[in-house]
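A short worksheet on the structure shown next.
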Amino acid sequence: FSTNMAALPDASSPDLILAEPTRDEKVLTWTAVHAAFGAGFEVQTFIDLFTKGEQTAIARDGGLSPRILTTPTSGDAPRPVLSSCATLRKRALYYDPSTGTVKDVLAHSLVDVFTLPENRSRGYGGRITQMVAESLAQQHAADAASAQFSMLHSSIGREYYARYGWHPKQNEQLEIDTPAALALQTNSYVSDVTDEMVPALAARDEELLRAKLAQKQGSSDRIRVALVPDVPTFEWHFKREDTMQMHVAGKTPTVRGAI
């Protein structure tokens, strides 16, 4: 899978295509991602994070769709992996202000956008996200239930992907700093959340979310959307957490949070 730098196509070339990667092409990308972001893990452990994610319920039956940006090849010639990403299909809710109703729809998260170091600064990352966005739009045009909206998760800043049609949104992720020497305290009002409790809590969260979305906002009423916090979504995150904790602590978590 070596790349001939002199033969790399321009990012605007009409010859570039989206393709489903082979297993070897996935491992090539995951190994490169490990070099950039996974220094705390052995290469195989890092690859296992992705492999186990592919085995979760949310990823099955086309739920997870990995893609590479490449060029057509003939015969057995290896094709270049210019950039890569994946889309993850999720259940979502869509509030339509024209009818005052909340609809069940599907959404897609664009994740794991990565360009191999030797292919960077050529516009491939922007091209692959642009092509994926166009593909999702075509799916929605053909079947209104296929994808009502999509989102891209990125840590490189708001401006870059905005150039390719993605509208930046405010980051609502919370980060709470705690003292390193914080003593473990118990409270009779706080209970551990275990795996057995997740289905009931997820169902209650969905019920509350539906009710909140259905509330009209007066004259400023507008379209509102939200991802459903269902069990398959939690399982996706838990599988990665389990793999990381097994590597770090030699065991998987028995507590997922607190309530």
Side-chain angles (χ1 to χ4, degrees), residues 1 3-22 25-33 35-37 50 53-54 58-59 62-73 78-92 94 105-173 223 225-227 236:
F1 296 106
T3 303
N4 181 351
M5 296 297 291
L8 287 177
D10 188 84
S12 61
S13 170
D15 294 331
L16 294 181
I17 60 171
L18 287 177
E20 182 176 354
T22 64
E25 289 168 339
K26 290 180 185 178
V27 171
L28 169 74
T29 301
W30 295 338
T31 303
V33 174
F37 301 107
F50 293 92
E54 292 183 328
I58 198 172
L64 178 68
S65 298
R67 292 289 182 266
I68 60 171
L69 183 69
T70 186
T71 56
T73 57
R79 58 187 180 182
V81 178
L82 303 174
S83 190
S84 63
C85 67
T87 59
L88 188 63
R89 186 178 61 214
K90 298 180 179 181
R91 290 177 57 226
Y94 177 94
V105 298
L106 294 174
H108 287 93
S109 291
L110 180 56
V111 298
D112 299 333
V113 180
F114 186 79
T115 301
L116 272 64
E118 60 267 28
N119 296 340
R120 291 177 185 168
S121 300
R122 293 175 175 266
Y124 294 140
R127 180 66 188 275
I128 193 172
T129 57
Q130 183 181 35
M131 293 176 72
V132 168
E134 292 170 354
S135 175
L136 293 177
Q138 291 171 2
Q139 289 182 39
H140 178 51
D143 179 4
S146 67
Q148 194 74 37
F149 66 96
S150 58
M151 69 213 79
L152 184 153
H153 302 277
S154 172
S155 59
I156 68 170
R158 300 159 61 91
E159 293 78 16
Y160 179 79
Y161 290 111
R163 300 203 301 264
Y164 299 97
W166 298 89
H167 301 284
K169 299 297 181 183
Q170 181 178 353
N171 184 0
E172 297 182 353
Q173 179 175 326
I223 292 173
V225 297
L227 297 176
W236 164 266

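On a predicted model such as this, the values are computed, not experimentally measured, just so you know.
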Problem set entry | Residues forming a side chain to side chain contact (heavy atoms under 4.5 Å, CB included) with Ser135, sequence neighbours excluded | Gln139
Problem set entry | By side-chain hydrogen bond (donor to acceptor under 3.5 Å, both in side chains) - contacts of Arg120 (at least two apart) | none
All N/O donor-acceptor pairs, side-chain side in residues 7-17, below 3.5 Å, sequence neighbours left out:
| from | atom 1 | to | atom 2 | distance (Å) |
| --- | --- | --- | --- | --- |
| Asp10 | OD2 | Ser12 | N | 2.9 |
| Asp10 | OD2 | Ser12 | OG | 2.4 |
| Ser13 | OG | Asp15 | N | 3.1 |

For this session: Search all heavy atoms of Leu69 against all heavy atoms of Ile128 and return the closest pair with its distance.
Result: N-CD1, 3.7 Å
For this session: May I ask you to test the Thr29-Phe50 pair for a side-chain heavy-atom distance under 4.5 Å?
Result: no
Problem set entry | Under the side-chain hydrogen bond (donor to acceptor under 3.5 Å, both in side chains) test, residues paired with Thr129 that sit two or more places apart | none
Exercise answer: donor-acceptor pairs, residues 109-116 side-chain atoms, under 3.5 Å, sequence neighbours excluded:
| from | atom 1 | to | atom 2 | distance (Å) |
| --- | --- | --- | --- | --- |
| Ser109 | OG | Lys90 | NZ | 3.4 |
| Ser109 | OG | His153 | NE2 | 3.4 |
| Thr115 | OG1 | Ser83 | OG | 2.8 |

For this session: Taking all non-hydrogen atoms of both residues into account, name the closest pair between Arg79 and Pro21 and its distance.
Result: NH2-CA, 3.9 Å
Problem set entry | Shortest non-hydrogen contact from Ile68 toward Val81 | CG2-CG1, 4.0 Å
Exercise. What is the minimum heavy-atom distance between Ala92 and Ala107, and which atoms define it?
Worked result: CB-CB, 3.9 Å
Problem set entry | Straight-line distance of Met151 CE to Leu227 CG, nearest 0.5 Å | 4.0 Å
Problem set entry | Residue pair Lys26 / Glu54, side-chain heavy-atom distance below 4.5 Å | yes
Exercise. If you round to the nearest 0.5 Å, how far is CZ of Phe149 from CG of Leu136?
Worked result: 12.0 Å
For this session: With sequence neighbours excluded, tell me which residues meet salt bridge (charged side-chain N to carboxylate O under 4.0 Å, His left out) with Glu134.
Result: none
